[in-house]
There are 4 protein chains.
Amino acid sequence: MCRWLAYLGSDIPIEDVLIRPDHSLLDQSLLARDRFVPGSYLGSQFRDHAFPTNGDGFGLAWRGRDGTLGQFRQTTPAWDSQNLRHLAAQLTSGCFLSHVRAAPGGTIAEQNCHPFVHGNWMFQHNGEINGFTQVKRDLTMDVDPDLYPFILGNSDTEVCFHLALTYGLADDPVAALTRMIGRVEQARHDHKVAEPFRATMCASDGTRLIILRWISPDATGDAAPSLFHSFGARSLRTVDGTPDNLPIDSHLVVSEPLELHWSERTWHEIPAGTIGTVTPGTELEMMPIQL
Amino acid sequence: MCRWLAYLGSDIPIEDVLIRPDHSLLDQSLLARDRFVPGSYLGSQFRDHAFPTNGDGFGLAWRGRDGTLGQFRQTTPAWDSQNLRHLAAQLTSGCFLSHVRAAPGGTIAEQNCHPFVHGNWMFQHNGEINGFTQVKRDLTMDVDPDLYPFILGNSDTEVCFHLALTYGLADDPVAALTRMIGRVEQARHDHKVAEPFRATMCASDGTRLIILRWISPDATGDAAPSLFHSFGARSLRTVDGTPDNLPIDSHLVVSEPLELHWSERTWHEIPAGTIGTVTPGTELEMMPIQL
Amino acid sequence: MCRWLAYLGSDIPIEDVLIRPDHSLLDQSLLARDRFVPGSYLGSQFRDHAFPTNGDGFGLAWRGRDGTLGQFRQTTPAWDSQNLRHLAAQLTSGCFLSHVRAAPGGTIAEQNCHPFVHGNWMFQHNGEINGFTQVKRDLTMDVDPDLYPFILGNSDTEVCFHLALTYGLADDPVAALTRMIGRVEQARHDHKVAEPFRATMCASDGTRLIILRWISPDATGDAAPSLFHSFGARSLRTVDGTPDNLPIDSHLVVSEPLELHWSERTWHEIPAGTIGTVTPGTELEMMPIQL
Amino acid sequence: MCRWLAYLGSDIPIEDVLIRPDHSLLDQSLLARDRFVPGSYLGSQFRDHAFPTNGDGFGLAWRGRDGTLGQFRQTTPAWDSQNLRHLAAQLTSGCFLSHVRAAPGGTIAEQNCHPFVHGNWMFQHNGEINGFTQVKRDLTMDVDPDLYPFILGNSDTEVCFHLALTYGLADDPVAALTRMIGRVEQARHDHKVAEPFRATMCASDGTRLIILRWISPDATGDAAPSLFHSFGARSLRTVDGTPDNLPIDSHLVVSEPLELHWSERTWHEIPAGTIGTVTPGTELEMMPIQL
C-alpha cells in the first residue's frame, strides 16, 4: 500500500499536515497503521498482508505562485528527507497533494513517484491494478497519441492519469475518472484478471479535489483501500505538543487519519464505490460510481 | 536499531545469506523482528520501542581479488536495490560483512553506511553510543592524528573504528576493541551520560571475524542488542523453496537469525559482555570483556 | 552524446579498461574529447555542438558467474562513484559493456541507464533517434506484446533493444539489429522526421559482441557517432604510470580511444553504415548494413 | 572550482537568476567559463587547469517565511534536477544563496553541499584550503565545543563556517570572517603548507551579505577565485529570449557573470584581498582584509 493526503482550504504552511501531526504523512511513511481503531485491543496491528512501510519515494505537488503548480519528488524515504522538512516549513498553499510510496522490490524512479503533474492537473493514487503487466499495453494504447510521449515511468497510476486526461479530465473530471475506472475494469475482463482493481485516487486543478474510492465489484475477500475525510476547524495532535489549528474552511482527504488517536467525529470514512468533488467551503457529497 | 551479518568459511555466493533466505538481511531491512521467538504467541511482535525498518542505507564489504577488500554502499533502502541483488548473485567470497542501517531523521550519507573499510580492515556496528553529541569531541580527539583525516562521516561507529585502529587493531584486535569500549565508557563517565552504550560489533581483516556484544554495566532496564552465531553445514529456508546449503566450515554471525522459523539448536545467542574471534573451521569461543 | 566501451577476450579486471587508462571511460564521463586528433593544433577541442560531459548516470553489465549476466547502474555521475571504482577493481570478466550517459535536463532514472539487460542479452547505444516523441508510439507498438511489459524506462534505446529482441536477436543478431534499424528509418519516413537517426550500438550475449555504426542515408551535414576498435596485446597509458597490459586476444570497441594520445595504428575507426560480430581471437570484419 | 551566486534586494522569483539567464548558475553547473572575456579570441576557453563541470551536488538557501531560512540540497547535478527548476519557479525571496559543487572523486554527500545553514546564518564558498588534511584537525579543534557536534560533513568549508560562528559571526561578521581567514593562514604556516588558501565566501543572515575574496599573500603563480558584483536595475539575457528584469535595488554577487556575453559596465570584478557588506539599496564598499 501507499499513503496520501490532499488539502483544500485557506493557505496553510504545508508542514501543518505533512510533518507536524503525531501521525503525519511523514510518520506514515515509516509506520502506517492500516486499521488502527481507537479503543480496540488490536488497535496497533496492521491487517494480514498489509504493509507498514512506505519508503520507496515520495512527492508533493501544490498550487503555487500565479496559480501554477509546483512539484517535488524524490526516490528516497520521506522520513529521511531534510529537504522535505525544509520545504514543507517554507511553502504555504491552499491546495496540495502529497504521497508516500510503497513498492518494495519494484521500479524506483522519480518518474514513478506521485503526485503526477500534467499542465494544471495533479494526480495521485493508492492501490493497484492487479495483473497490470497483462493489461498495460491495451490501456496505454488508449491514451491519446499526443499525450503518449508524456508517459515517462512505468507505473499503473501514470497510465490511469493519462487515460483520464484523454477522456476529458479538464472538461468533466467526474465523467473522465469514471470512464477511466470503467476502462480498467474492461481490460481486467478482457484479460481474465481475477484479482480486483483497488484504488483511492485524487485529481486536482488547484481549485478543487476530485476523489474516489473503488474496488472491483467482483472482488471477494478484499476491501477498497482506506480513505477518510475531515472538514472544518480542528486542532491536530502534534509530535511536540504545539498547537496545530486548521482553518475553518479546510478539507483534508487522507488514506489514514493524521492522528494516532483519532475520533470518528472528526474523521469520516468515505464509502467504497463513490466519487465526489471537494470545493472550498462546502460540505463534501459523494456519489456512487456508475460505470 | 540496525541489522548486520558476517560470514567466514569457504567461498559462497553472497546472495546465499544476503538475499535468498526467507528472513535474509534484505528481508530484515524492510521488517526486522527483534524478538521473534519460535512457538511464542507474541512471536511476531517487536519489542516496545524497537523499530522494524532498516531503510536508511546499506553496505557490503568483502574479501575479494588478491585478498584486497571490496566495498559497496548506498543510501537507499536495501530492499529496493536491484544493484545489490545483482552483485550478491555474482560475487563470491569466503569473508564478508553486510549491514542495513536504521537512522530515521538522522544523517543519511554513504560515508555513514557500514561496513567501514580502512586498509585491509572492515568494521560494522549495531547499537549506539547514547549521548554521542556530548562525548564525540573527546573521543575524536583520541584518534591518531594521522588517521583523523580519514573520518569522513559523522557517525559514532566511524569514530569507534578509528579509535580501535589507533589502539592497534591490526596487532591485537581483541585488546584494541576492548580498549575502545573502555574509552567510550570513560567518556560516558566524564560527561555523566546516564543512558548506556549498546553495541554489537564486528571487525575483520578478511581472514577472521572479531565480534563483541556489549551493554554498559550500569545499564538498568535495557539490554544489549541481539547477536546470534551459527556454525557448520546447514540448509537455510528460502523465499522460493530452493535449497540453500551452507558449507561445513561456515560461520555466520547475525543480529537476528536469517530464517523466520528458526531453531535454538542452529542459532546460538551470544552472551552480552563478551568478545571472541571467529577463525576458519574451529568452534567459536567467547570471553568476557575485561575493561 | 554518450560514451561506451565493450570488451571481449580473456578475463581481465574490469578496472583495466574502465578506470586505469589515462582517458578511461571514467575520465570520459567528466570530459570526453569528441574529435581529439593526435598532433593537431586543435586537438583538444570538441566539435561544434558536441558536449564533453557524460554525467547523467552510468552502467556496467558483464558475463559473470556461471555465464549469467551481472548489471550495475546508478543515476549519479560515474566520476563520483566510489562503488564503481571498487567493483571495477574486484570484478573480472571476459565480456562486458559499460556506458556513461549524457542527457542533461532529460529523464534521469536507473531504468534509462545503459547497458540494458534482458535474459542473457545486454545492449547499449550512443546517439539518438531524432524526433523520438513523434515515432515512439509506433515503434513501441511493434514490440512483441510479451516483451512489452519489460520496457521500464522512457529512452529510445530501450525501445530499440526490445524491437531487436522481437525481431530475433537471439537467433540471428545481425539480421535482427538490421531490421530494427530499418524499422526506425521507416518510422522517420512515416512521420516526416528530417533529422537523422544516429547510432553506435553494441549487443552481446556474453560470448560475442555485435556492433554497428549508423547514420540515416539522407543525413546532410551530420556524421555518425564515432566508434573505434582495437584488437590484440597492447599496453594502455595509465593515470599513474603503472603498466596496463591487455591480453593478446582482447577486443575493445569504444566511442573514443581510452588514451589521451593515441595512435591510428592501435585504434581503428569503424566505418559508418556497417555492422559486424566480434568473436574471440579472430579479426573483426564489418559489413555494410543492408536495410 | 565551484560556482555560486548570492542575491539581495526586493523579492524576486529565484528562477530569475538561478535558471532563466543564458549563463545561469544552472548553466554554470554544466559548463562554467572561468575566464570568458567578451571580444577575446580565446573567449570560450577555460584556464589551464580550470575545470568546467560543477556536477557534484548543489544547494539553495533562502530567507523564507517569517524570516526563517529554508535549505534545499542534493548530491546530483543541478542541471538534471527537475525539483530545482520547480522550486526556483515557485519560491520568491529577497535574500538567497546558491551553489554548484565541483569535487570530482571527492566525498559526495548532502552534508558537504553548500550553502551551509546554522540558526539564522547561511554560508558558501568557492576555492579551497590546500593541504586541508594536514590542517583539518587543528582548525576543527578551535571550533567551540558546543558547535562541534553540528559539523556533519568533511568539507573545509563547513569547518571555516563553524570557526566564523565561533569567532562571533552573529556579532561582528567582518571581524569574525577576518579572524577565520587569519586562523587558516596560521594553520598553513604551522604545517608548512606551500600551496595557497584560495577563497571567495559569502555569509548572510537574510538581511545582508558579507562577501570576501582571498588568496594567501605568499601565493605565486596563482590567483584568487573570480568574483563579480552587479547592482541595480538591469535586464539579463535569457535562454528563451523572454525579458528578465531585476529590481532597481538588487545586488548580485557571483563567481562568474550570469550572461554569456557580458559587459564590464554591468559586472564589476571584486578585488582580491577584500571584504565587504552588501546592504539593501546602498552601493557596495569593499575594504582590504587586515589579518
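In this text, all values refer to a predicted model and were calculated from it rather than measured experimentally. When reading the values below, keep in mind they use all heavy atoms of this one structure, side chains included, and skip hydrogens, waters and symmetry mates.
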**Prompt:** When heavy-atom pairs shorter than 4.5 Å are enumerated against chain C, which of A:D146, A:T75, A:T133 gives the highest number?
**Reply:** A:T133
**Item:** Heavy atoms of other groups near A:H191 NE2, more than 12 under 6.0 Å
**Value:** yes
**A:M141 versus C:R137, closest heavy-atom pair with distance** = O-NH2, 2.8 Å
**A:T140 and C:Y148: CA distance, side-chain angles, deciding distance, side chain to side chain contact (heavy atoms under 4.5 Å, CB included) verdict** = CA-CA 11 Å; A:T140 307; C:Y148 178 86; 3.4 Å; yes
**Closest non-hydrogen atom pair between C:I151 and A:N154, with its separation** = O-CB, 4.3 Å
**Non-hydrogen atoms of A:I108 and C:Q111 that approach each other most closely** = O-NE2, 3.2 Å
Distance-only check: which donor-acceptor pairs under 3.5 Å involve side-chain atoms of residues 164-173 of chain C, not counting sequence neighbours?
from   : atom 1 : to     : atom 2 : distance (Å)
C:T166 : OG1    : C:D144 : N      : 3.0
C:T166 : OG1    : C:H162 : O      : 2.7
C:D172 : OD1    : C:A175 : N      : 3.2

Report all side-chain donor-acceptor pairs from residues 179-188 of chain A shorter than 3.5 Å, counting only partners two or more places apart or in another chain.
from   : atom 1 : to     : atom 2 : distance (Å)
A:R183 : NE     : A:D142 : OD2    : 2.6
A:E185 : OE1    : A:R188 : NH1    : 2.6
A:E185 : OE1    : A:S216 : OG     : 3.2
A:E185 : OE2    : A:W214 : NE1    : 2.8
A:E185 : OE2    : A:S216 : OG     : 2.6
A:Q186 : NE2    : A:D190 : OD1    : 2.7
A:R188 : NE     : A:E195 : O      : 3.0
A:R188 : NH1    : A:S216 : OG     : 2.9
A:R188 : NH1    : A:D218 : OD1    : 3.2
A:R188 : NH2    : A:V193 : O      : 3.2
A:R188 : NH2    : A:A194 : O      : 3.2
A:R188 : NH2    : A:E195 : O      : 3.2
A:R188 : NH2    : A:D218 : OD1    : 3.4
A:R188 : NH2    : A:D218 : OD2    : 3.3

**Item:** Neighbourhood of chain A inside residues 115-130 of chain C, taking heavy atoms under 4.5 Å as contact
**Value:** none
**Request:** Measure C:E110 against the heavy atoms of chain A and call it side chain, backbone, both or neither at under 4.5 Å.
**Result:** neither
**Item:** Set of residues satisfying side chain to side chain contact (heavy atoms under 4.5 Å, CB included) with respect to A:S93, sequence neighbours excluded
**Value:** A:I14, A:W62, A:R63, A:F96
